Amino acid sequence: MADALLQDLWFHRADDVVLDTIAIRDELVTVQAAATTGRAECPACGTTSTRVHSRYVRRLDDTAAGRRRVVIELQVRRFRCRQQACPQATFAEQVPGLTFRHGRRSQGLQTALQQVALMLAGRAGARLADALAAPVSRSTLLRLIRALPESAPTTPRVLGVDEFALRKGHVYATILVDVETRRPVDLPDRTVETVARWLTEHPGVQVICRDRSASYAEAGRLGAPDAIHVADRWHIWKNLAEAVEKTVVHHRALLDEPPAATADHPAPPADGSLPAPNEAGPRRTGRLSDRIREQHVAVHALLETGIALREIARRLGLARNTVRRLAHAADPDELLVGKWTGRASILDPYKPYIHQRWAQGCTVGRRLFEELQERGYPGGEQVVKAYVRRLREAFHSPIRLAGRLRPGT
């Protein structure tokens, strides 16, 4: 009765296995058993063989019993393949429901660890497995996830189509997304032929959500002629902002002249200079500003009592050079001005042209950079974009606000 109970406890999922003995030592349970099947199938050619070559013992980790680690010592046989042309001369028998090729865990423990890996992934899954007396590393759990077969993707009813950059400005591709589940489906290139072929090979797309690209429109017409083409909210706002910008620039001559420059809205000067932004002046708030101001007050208070700089540094826990700079500064603002303040910029000779184009309605950094390159500008694009960003912050361009609209703002 007890033997039948233990047999059913460990090998209820496997046939042709006989339980021999069970040994318990500290936190380890060792189960000794033997496979009794009379034949096995060659994994290379599929031929069934009954010729036994040898026997050996496989050690398999199994699910824990009473929070004790369980190891199954299973005696299996190696069979000879009867096909002389088969490259697999001998092979080991497998017990369905218990073993698998090259596995050091039972099928039950393997399935349990796969579920743990899918739910918790690496480190968290490894901690849970250790608590369940089945210790594995986080890398092992990640390998179990990668080894799982991928489910065949279903054709989405609503397909999102858009491009993205593999290398910005040089290499682009197309991403296909199931809009209803928000999961990516495929990553083809962005040629019309490739996207159209994908749509032809995956019939069932009823709605194509895309931008106003003529290439994707043509691909949808060829690959899914019955599908409805729509635009998502982000592209609607983007297209609206571009249309507003083009309309304003086109009819700029009909607009009223801007009001005279005020303190709140200064006009860009014609000589190419730009009012220094807030960060170029001394810091007024923040931990650094507060700390330097407190140290400046403390140092000058001690200096008035006649204490030497070395003693002040010791009392305040500061370096002597720091105390010296604080002592020589009459006002803490002298120490809070950025080191790049007032430095010449490679963009200075081209700022009058930027201001001229800004007044004409050109506020796109990329476009201004290309125009400056034609005029011999040797610098980088990010310098131009940073200066245009400062112009937007200083002069509150209404066109910029229209061009930056996003859903939900």
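In this text, all values refer to a predicted model and were calculated from it rather than measured experimentally. FYI, the numbering just counts along the sequence from 1.
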Hey, is Glu370 close enough to Arg367 for a salt bridge, meaning N to O under 4.0 Å? no
Supply the atom-to-atom distance Ile72 CD1 to Leu98 CG, rounded to the nearest 0.5 angstrom. 5.5 Å
Going by heavy atoms in the side chains, are Leu318 and Gln295 under 4.5 Å from each other? yes
Side-chain donor-acceptor pair present, Thr174, Glu163, cut-off under 3.5 Å: no
His229 side chain to Val207 backbone, donor-acceptor under 3.5 Å: no
Quick one: closest heavy-atom pair of Gln88 and Ala44, and the distance? CB-CB, 3.7 Å
Which heavy atom of Phe91 sits nearest to which heavy atom of Ser49, and what is that distance? CZ-CB, 3.9 Å
How about Tyr56 and Arg78: does a side-chain donor come under 3.5 Å of a side-chain acceptor? no
I need the minimum non-hydrogen distance between Cys45 and Gln83, along with the two atoms involved. SG-CG, 4.0 Å
Return the minimal non-hydrogen interatomic distance between Val185 and Val177, and the atom names on each side. CG2-C, 4.1 Å
Do Phe100 and Gln110 touch side chain to side chain, with heavy atoms closer than 4.5 Å? yes
So, are Glu294 and Arg291 salt-bridged, with charged N and O less than 4.0 Å apart? no
Ile228, CD1: over 12 other non-hydrogen atoms inside 6.0 angstrom: no
I'd like to check Thr30 versus Glu73 (side-chain heavy atoms, cut-off strictly below 4.5 Å). Are they in contact? yes
Please round to the nearest 0.5 Å and tell me the distance separating atom CG of Leu141 and atom CE of Met119. 12.5 Å
Mind checking the CZ-CG spacing from Arg127 to Leu132? Nearest 0.5 Å is all I need. 13.0 Å
When the ring planes of Tyr350 and Tyr377 are compared, do they come out parallel, tilted or perpendicular, using 30° and 60° as the limits? perpendicular
Please state whether the rings of His202 and Trp198 are parallel, tilted or perpendicular, taking 30° and 60° as the class boundaries. parallel
Between Asp26, Asp62, Asp61, which is the residue that forms a side-chain contact (heavy atoms from CB on, under 4.5 Å) with Arg69? Asp61
Residue pair Leu372 / Tyr353, side-chain heavy-atom distance below 4.5 Å: yes
Any chance you could lay out the side chain to side chain contact (heavy atoms under 4.5 Å, CB included) test for Val230 and Ile208, step after step, and finish with the verdict? CA-CA 6 Å; Val230 300; Ile208 298 177; over 6 Å; no
Closest approach of Ala219 and Leu199, non-hydrogen atoms and distance? O-CD1, 3.7 Å
Between Ile354 and Arg357, is any pair of side-chain heavy atoms under 4.5 Å apart? no
Residue pair Leu391 / Thr363, side-chain heavy-atom distance below 4.5 Å: no
Tell me, do Tyr387 and Lys351 make a side-chain contact under 4.5 Å, heavy atoms counted? yes
May I ask you to decide if Leu326's main-chain N or O and His300's side chain share a donor-acceptor pair within less than 3.5 Å? yes
Stepwise side chain to side chain contact (heavy atoms under 4.5 Å, CB included) test for Asp162 and Asp211: CA-CA 7 Å; Asp162 204 351; Asp211 58 11; 3.7 Å; yes
Polar contact flag, side-chain donor to acceptor under 3.5 angstrom, Arg197-Thr200: no
Just verifying a value: how many Å separate Leu368 CG and Gln373 CD, rounded to the nearest 0.5 Å? 12.0 Å
For the CZ atom of Arg58 and the CD atom of Gln94, what is their distance to the nearest 0.5 Å? 5.0 Å
Run the side chain to side chain contact (heavy atoms under 4.5 Å, CB included) test on Leu118 and Ile145 for me, step by step, so that the C-alpha distance in whole Å, both residues' side-chain angles and the decisive distance to 0.1 Å come before the verdict. CA-CA 7 Å; Leu118 288 174; Ile145 295 176; 4.3 Å; yes
With the side chain counted from C-beta on, respond yes when Leu113 and Val136 share a heavy-atom pair under 4.5 Å apart, and no when they do not. yes
Ionic contact status for Glu311 with Arg315, cut-off 4.0 Å: yes
Between Arg190 and Tyr216, what is the shortest heavy-atom contact and its length? CB-OH, 3.6 Å
Thr99 side chain to Val95 backbone, donor-acceptor under 3.5 Å: yes
For the pair Glu371 and Arg375, find out whether any cationic side-chain nitrogen is under 4.0 Å from an anionic carboxylate oxygen. no
Stepwise, does the side chain to side chain contact (heavy atoms under 4.5 Å, CB included) test hold for Val205 with Thr155? CA-CA 7 Å; Val205 176; Thr155 302; 3.8 Å; yes
Heavy-atom donor-acceptor pair, Asp130 side chain to Ala126 backbone, under 3.5 Å: no
Find the distance between CD (Gln115) and OG1 (Thr111) and round it off to the nearest 0.5 Å. 7.5 Å
